[in-house]
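Atoms considered below: every heavy atom in the structure, side chains included; atoms not considered: hydrogens, waters and symmetry mates.
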Amino acid sequence: NGLAALSKVPGQGWAQIVAFLGTYELFVNGKSINGEPGNYGKGNLGLGFLGPVSDPESRKKKLSAELANGRLAMMAIIGMLFQDGLTGSAWGDWALYTDSPLR
């Protein structure tokens, strides 16, 4: 079961993950551009060599799409975690959920 996998990672593993992400955030991303949160000047797809999005209307549309897709992904993973907690499988068979009030 997927939730049980979280307890299998040792503390040193979690420390490595946090240290790597912190280092990346501090040294690779650095300061944001124009005080805009999340804008590190990396342009399209977060890859610097593709250049910035120059058209303001296109930039607004792409940022809105990114927010919407991020929110959808968060809802999907929460749903999978909830189902995993109930059935023991993220792709669960609801027949395994014996505590259902519908039974």
When the side chains of residues 57-67 are checked against the rest of the protein, which donor-acceptor pairs come out under 3.5 Å, sequence neighbours left out?
from, atom 1, to, atom 2, distance (Å)
Arg59, NH2, Glu36, OE1, 2.7
Arg59, NH2, Glu36, OE2, 2.8
Lys62, NZ, Asn44, OD1, 3.3
Ser64, OG, Lys60, O, 3.0

May I have the list of side-chain donor-acceptor pairs in residues 7-19 shorter than 3.5 Å, sequence neighbours left out?
from, atom 1, to, atom 2, distance (Å)
Ser7, OG, Ala4, O, 2.8
Trp14, NE1, Val9, O, 3.4

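Looking only at side-chain heavy atoms (C-beta outward), Phe49 and Lys42 stay at 4.5 Å or farther from each other.
Other cluster members for Leu26: Phe27, joined by side-chain heavy-atom distances under 4.5 Å among Ile, Leu, Val, Met, Phe, Trp and Tyr.
One distance of note links CG of Leu81 with CG of Leu6; it measures 8.0 Å at 0.5 Å rounding. To the nearest 0.5 Å, atoms CD (Glu25) and OH (Tyr40) are separated by 4.0 Å.
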